[in-house]
Protein chains: 2
Amino acid sequence: MTSKAKAALYDQFALVGKAFSNGRRAELVDVLAQGERSVEGLAEQISQSFANTSQHLQVLARSGLVTSRRDGNRVLYRLAGEPVEALWETLRGAAESVAGVHRAAEDYLGNRGELELVSRDELARRLDEGVLVWDVRPVAEFEAGHVPGAVSVPPGEVQRRLDEVPDGVEIVAYCRGRFCVFADEAVRALAGRNRPARRLEDGFPEWRRAGLPVAASSG
Amino acid sequence: MTSKAKAALYDQFALVGKAFSNGRRAELVDVLAQGERSVEGLAEQISQSFANTSQHLQVLARSGLVTSRRDGNRVLYRLAGEPVEALWETLRGAAESVAGVHRAAEDYLGNRGELELVSRDELARRLDEGVLVWDVRPVAEFEAGHVPGAVSVPPGEVQRRLDEVPDGVEIVAYCRGRFCVFADEAVRALAGRNRPARRLEDGFPEWRRAGLPVAASSG
DNA sequence: AGCGTAATCAAGTATTCACTTGACTAGTTG
DNA sequence: CAACTAGTCAAGTGAATACTTGATTACGCT
C-alpha cells in the first residue's frame, strides 16, 4: 500500500513536469507569464489551431498551472500564481545549462555578443531621467502591464518607428524574457542607425517579479 | 525559418520538462538529490527493473539533468549541478499548490498535524549541544553525505533502535526532504515511547543547499 | 582465457500523446 | 429568433512512451 501511495505522490509531481513536457505548452506558459490572454490570442502567438491550443490549455489547467475565467464571450487564461512563475523561470535557468538549449537559442537569437544589457536596478533608477523605454511585445501584452513610461512598439513596427527617436536619447528595449528576440532585433536596428540602444536584462515578467513598479493600460 | 527556430527553442525547454514528466524519473531525481548512486541502488529504491531504470537514467542524461561516470564495474549517476537541484526543489514547491499533490501526499504521509518541526538554523546552532540527530535514510545515502554528528538509522531499523536513546535527550530526525516518510515514522515511533522527538524541516539536500556543514563517510 | 557482475541495447506491445477535422455549446448582437 | 463569435468536445490517426524480456557489452577477478 505504502509503496503504491509513494508512486502516486511522485506521479503527482510528474503531472507538473508533464505540463511542461511539450514545446507548445512551454510557449503558452511563456506568453501567459506576460499576463492574462484569451484562447484566440494564445493560439495566434504559438501558431497553432484553435482546438489544439484549447486542449493544451486544458492540460495546463488540469495540472493546476493555469486558471481561467469567462469574460463575456471569451475565456481568459492566466498563470495560477507566483510559484508557477518561479517554476517557469527556474526551468529556463536550468535549461540554459543544457547543451541543446545553447544551440537552439543561438539558431533563434543569433550572436548576442555585442548586445549590451541594462540591469533592472539601473533602469529603475533612471526611469525618470529621460531614458526612452521601448516595450517590444504584442500590444495585448503591453496593455496587460508594462514598465512605467515605456512606449509600445510592437515587433512589426520597429522599422517604421526608428526615426521617431530624438537624437541624444538612450533607448532601452525589452520584451518577454531572456530568450525573446524582439528586443534584440530592436536594439540591432537602432544601433544600425547609430542610436545608443541597450537591452534590459531578461524581460517584463522578471521586472514585475522583482517587485519593481508596473503600469497597466487596459480597457 | 525564424518560427521554426522559435519552436525548436521551446522544444528544448520542453525536453527538460519531459525529463520530469514521469513519476519514476521524478523518484530517481529525488534519490539522486541525496548524492551519487549506482544504477542497481537506484533500481532498488524506485522498485523498478534494472533495464527500465537504466533507460530512465538515459532519458535524464540526454536532457542534461544527470551525468554518469564509471567506477570499476559500476556506473554512478549524479545530478548535473546546482541548477538541477534548484529546479527539483522549485518543482516540488509549485506542485504543493496543486490540489492533487495534497491528496496524494496525505495518503502517503498521513496526518502531519502533530509533528513538530525544527528549523535548519535551530538545528545548526544546537549541533554541539547534545542533541541526538537521526539520519533515517538508506545507508548509501548517509554515506554520500549527512549532517555532522548524525547517526545512521536506516528505515528498517527504527523499531530496533528505539531503546538505545538515552533518557532526557532530544532527538531530531531527518530524511530526504519534505515529502519523505521515514523521518515522520521515526518521530512517531519515538513519541510513542515518550521521547522528545522532532523532525527537521525538509531534508538533507535542502540542508546542504543552504550551505550548512556536511560530513561524509564513504569508503 | 573464462566466469561473474553491472549495465546497456534491441525488439515487442499496450498505452498515451499531439494534432486534425467536424460537430456542438455559451454567450452576444442585430 | 437567427446569425455570429469564442471556445470546447469527440473521434480518429500516426507517432512517441513505458515497460518487459532476452541478448550483448564492459570490466574485474581468478
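We use all heavy atoms of the structure for the numbers below, so side chains are in, but hydrogens, waters and symmetry mates are not.
The CZ-P distance, from B/R70 to C/dT5, rounds to 16 Å in whole Å. For B/L57 and C/dA6, the CG to C1' distance is 13 Å, given to the nearest whole Å. Rounded to whole Å, atom P of C/dA10 lies 10 Å from atom CD of B/Q58.
One distance of note links CD of A/E36 with CG of A/L76; it measures 4.5 Å at 0.5 Å rounding.
Taking the ring pair (Phe, Tyr, Trp, His ring centres under 6.0 Å) definition, one finds that A/H56 meets it with nothing, sequence neighbours left out.
Cation-pi contact between A/R176 and A/F182: absent, since separation from the ring centre below 6.0 Å together with deviation from the ring axis within 45° is not met. For the pair A/R37 and A/Y77, the NZ or CZ position fails the cation-pi test of under 6.0 Å to the six-membered ring centre and within 45 degrees of the ring normal.
Contacts between residues 25-55 of chain A and DNA chain D, defined by a heavy-atom separation below 4.0 Å, involve A/S38, A/V39, A/E40, A/F50, A/A51, A/S54, A/Q55, listed by number. Of the residues in residues 73-81 of chain B, those lying under 4.0 Å from DNA chain C by heavy-atom distance are B/N73, B/R74, B/V75, B/Y77. For the contact set between residues 8-21 of chain B and DNA chain C, defined by any heavy atom under 4.0 Å, there are no members.
Surrounding CZ of A/R188 are more than 12 heavy atoms belonging to other residues, nucleotides or ligands, all under 6.0 Å away. Environment of CZ in B/R161: crowded, with over 12 heavy atoms of neighbouring residues, nucleotides or ligands closer than 6.0 Å.
Using a cutoff of 4.0 Å between basic side-chain nitrogens and carboxylate oxygens, A/R120 and A/E206 are not scored as salt-bridged. Ion pairing between a basic and an acidic side chain is recognised when a charged N comes within 4.0 Å of a carboxylate O; A/E96 and A/R178 show such pairing. Salt bridge annotation for A/R112-A/E106: absent, with no cationic side-chain nitrogen under 4.0 angstrom from a carboxylate oxygen.
Classification of the A/F13-A/Y10 ring pair by plane angle, with boundaries at 30° and 60°, yields perpendicular.
Here the side chains of A/V147 and A/D135 are not in contact, with every heavy-atom distance at 4.5 Å or above. Looking only at side-chain heavy atoms (C-beta outward), A/W207 and A/D202 stay at 4.5 Å or farther from each other. Inter-residue side-chain proximity for B/Q12 and A/H102 is flagged as unmet; no heavy-atom pair is nearer than 4.5 Å. Side-chain contact between B/E185 and B/V136 is absent, with no heavy atoms from C-beta onward closer than 4.5 Å.
Using modelled atom types and a 3.5 Å distance limit, the side chains of B/D30 and B/W88 yield a donor-acceptor pair.
Between its opening and closing five pairs, the helix from C/dA1-D/dT30 to C/dG30-D/dC1 changes axis direction by 20°, a value rounded to 10 degrees.
Of all nucleotides in DNA chain D, those with any atom nearer than 4.0 Å to a heavy atom of chain A start and finish, going 5' to 3', at D/dT5 to D/dA10.
Place A/V59 and A/G72 on DNA chain C by their nearest nucleotides, and A/V59 ends up nearer the 5' end.
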